Amino acid sequence: MDAKVIFLILTFSISVLGMLAFVVALIQKQVLVPSSAAKSIFGHGEVGHSELDAKGNMSEQWRVLDQSAKVPILLFMVSSVLWLVLGSVLGLLVSFKFHAPEFLGTEAFLTFGKLRPLHLNIIAYGWLSPAALGVAMWLVPRLTKVPLQNVRTLFAAGVIWNIGVILGCVGVLFGLNDGLEWLEFWWPFDILLAVAGAMVAIPLFRTIYLSKEEHLYVTMWYIICALIWFPVLFVIANSHFLHSGVQQAIANWWFAHNVLGLWVTPLGLGIIYYLLPKIIGHPIASYQLSLFGFWGLALFYSQVGMHHLLGGPIPTWLGNLSIVMSVGMAIPVVTTAINHHVSTYRHFHVLKDSVVLRFIVFGAMSYTVSSLQGSLHSLRTFNYVTHFTHWTVSHAHLGLYGFTSMVLFGGIYFALPRLVGRNFKHPELLNLHFWVAAAGIIIYAVGLGIGGWLQGQELQNVNGSFEQSVTITMPYLVIRSVGGTLMLLSHCLMLYNVVSILRPEKNEVAK
Amino acid sequence: MKKAYIFVLGGTSTITLSIFLFVLAPRIQVSRIDSEAMSAQSPYTENELKGRKTYIDSGCIYCHSQQVRDPIAGADKYFGWGRASLPSDYIYDKPHLLGTMRTGPDLSNIGSRQPSRDWHHLHFYNPRLLVGWSIMPGFPFFYRVETSRESPKDSAIRIPGKTDQWIIPSEEAEDLVSYMMSLKRDRDPIKASEAGK
């Protein structure tokens, strides 16, 4: 049979399967959920009260659930913070090399081309993934009202994941490099990450299985799907024998955008959907809307990747499909934005009391901004200017730092005191972390965004030269280093905060 | 398990749809265009492949693209980067090195644009010897520097502005430059009629 026919039949079957899921969802009353479900995250007498952080206001009714998987959750969180500091040191070195190309340039392992992939992979697989998994899996017992199951499996997954990242990084230094952006780790090491990712799903599904909750809260939808999506994406993208030439470039960017859209983003959004209402003390503005947000993300975000190759030698229909889907992303983004921002607006004063909420709200705002920016610059008119420039780098940092990292900072700061049963020694340093990081990312994203846009204008200038596109960016590359320095400083503060809460007080040991 | 299976089912079907559209469909469509008969490219030699590996390990892709856009999308053509790229230009590329960043210029046809091996060697040794405004890192560790009045070796290249300083390329540097030389994606593709289609 012709390959095209098989392809058509399969696409049709999948659509039918999706329809079936929708019908089942209708029957199961998942499409219009009772808005009382939005209150399921609150315990007895908790509605209207803020679950505050760092103020000794730790609710006793969650204690058993919060500490049911203490060791593995700590492993995920602490290792991720260590990777964060290392990854941002590398990021800053790379940033310096843009305006000081001779800086640390005499050794092969310190060149830009080695440190740049290490920065990206350490941040993506060393910091973002385990930190998001740590916070998400910490929330699972709270959401299912069941202590986390298969704690040892989760611990093993954390160990295997970290070994995978270490081996992957050492490999890149010594020339074991698959040569694809976002997929540099040598494929045998990637197997470790895929296995560990799949292993995290075991405690998740076992815990859900034992749950007696009538309804799964929106955060769980995102966690469930993220843990299905990641191993599938990662295995297909790393099966290098499947891909070659232009088709490999297509698969490469299909993966690279999906690892953000279907892995880091859903986990980050899920965490916002829990922590925002929990700290405010009121359910999210509209629970029905969150369904649109979720299914919209699942459908649209999985197909946006080709806007990274517009103008290149890819089939036109693929580019157009991704543009349509990128613009379609505005639907889940706006619905999610309404939910988040209306909830915040109604209870704005809580921001004064809660540092964690500041991180979460900053993250939610960055998600709205960077997503709408993404929809906009997927349009050909914008894309032709911004493609191949620092604008993309600025956008990526707004998404992965302004949104995801800020949410994870907040999530870790919310979870740690409840996990170890004591408060931060210097809660004011959490606040300092917030402001330094916020200033850093704003300087970074705005500065580099402007530089990238000017660079893009020069790359459009038929009477210009390539030289102008380089020289015009120079001041903005320096500004980027300023922003990056602030970000690194804030991470050092975080490392201090995390280490200090882990060390028991002297009198506490005596107890 | 309650209602978790709705999300398992729905999540699986959206990702499967996306795999069909973005992994399998391009494979079916592009591989048809990708016939060897149409491509103006020839397979890389052993040295060029070694140079290509050095290109990957040195992270050149993070600043250099190897894809030329149609004039409607950018000034690529006016910078002398050649005609718009075609899928058939990449049939020997595995892994692909299309790149998505232009901190440095596009390299699709660098072999045609800059055919001097000596220029490449000096440029790799220290880009600012030849291009004052360049922010590319140098690769001095690929070269040995010798002081001598006369050329110490056939492959030695005198550093501009110095009378007695020479760089001697390592094997890695020679292979990398061979790879640069092989990048000539400005030749016209072979028409389908001539390719016997």
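Chain letters run A, B, ... following the sequence lines, proteins first and then strands; every chain starts at 1. The structure displayed is predicted, hence computed values, not measured ones.
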task = Check the angle between the aromatic planes of Phe7(B) and Trp221(A) and answer parallel, tilted or perpendicular using the 30° and 60° thresholds.
result =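 Rings of Phe7(B) and Trp221(A): parallel, under 30°.
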Given a strict heavy-atom distance threshold of 4.5 Å, which part of [X] is in contact with chain B: side chain, backbone, both, or neither?
{"X": "Thr111(A)", "value": "side chain"}
{"X": "Leu227(A)", "value": "neither"}
{"X": "Met220(A)", "value": "neither"}
{"X": "Phe294(A)", "value": "side chain"}
{"X": "Leu262(A)", "value": "side chain"}
{"X": "Ser465(A)", "value": "backbone"}
{"X": "Val462(A)", "value": "both"}
{"X": "Val172(A)", "value": "neither"}

request  = Please answer whether the main-chain N or O of Phe466(A) pairs with a side-chain N or O of Arg102(B) as donor and acceptor at a distance below 3.5 Å.
outcome  =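 Pair absent, no side-chain N/O of Arg102(B) close to backbone of Phe466(A).
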Identify the heavy atoms of [X] and [Y] that sit nearest to each other, and give their distance.
{"X": "Pro101(A)", "Y": "Ile135(B)", "answer": "CB-O, 3.5 Å"}
{"X": "Asn177(A)", "Y": "Lys53(B)", "answer": "O-NZ, 3.6 Å"}
{"X": "Ser85(B)", "Y": "Pro313(A)", "answer": "O-CB, 3.6 Å"}

Leu21(B) CG to Trp317(A) CH2 distance, which is reported to the nearest 0.5 Å =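 So the gap between those two atoms works out to 5.5 Å.
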